[in-house]
Amino acid sequence: MGMVMVKCPRTGHAIPTGIKTDRESFSRSAVFFSRTRCVICHADHAWFAREAWVDEPSIRVRHRSAPTQIA
């Protein structure tokens, strides 16, 4: 499970929407419009699903490349 994130238009930082899901389920969801209260600038931001992404920390860690060893 991860958190649906959007970009704050004022600061450019990623902010959580409060919606928990996985990438596969989110990609299958209907196109929708929503609003999120920004934890950074404290404004309400309107966004469409196509502007959002799912941040799944467990997947992000798994995709990091292993350090190369020098002999």
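Predicted model, so just to flag it, every value in this text is computed and none were measured. Because only heavy atoms are used, hydrogens play no part in the values below, and waters and symmetry mates are left out as well, while side chains stay in.
- Between I15 and I40, the closest heavy-atom pair is CG2-CD1, 3.7 Å.
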Worked check of side chain to side chain contact (heavy atoms under 4.5 Å, CB included) between E56 and R23: CA-CA 8 Å; E56 291 182 279; R23 290 177 186 184; 2.9 Å; yes

Tabulate below the donor-acceptor pairs under 3.5 Å that side-chain atoms of residues 42-52 make, not counting sequence neighbours, or state none.
from	atom 1	to	atom 2	distance (Å)
W47	NE1	T36	OG1	2.7
E51	OE1	F48	N	2.9

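- The salt bridge (charged side-chain N to carboxylate O under 4.0 Å, His left out) analysis of residues 4-20, with sequence neighbours excluded, yields no pairs.
- To the nearest 0.5 angstrom, T17 atom OG1 is 6.0 Å from M3 atom CE.
- Side chain of S25 to main chain of D22: no donor-acceptor pair is present (N/O by atom type, distance under 3.5 Å, no hydrogens or angles).
- Residues F26 and V4 meet the side-chain proximity criterion, which asks for heavy atoms closer than 4.5 Å.
- In this structure, D55 and M5 approach most closely via the heavy-atom pair CB-CG, 3.7 Å.
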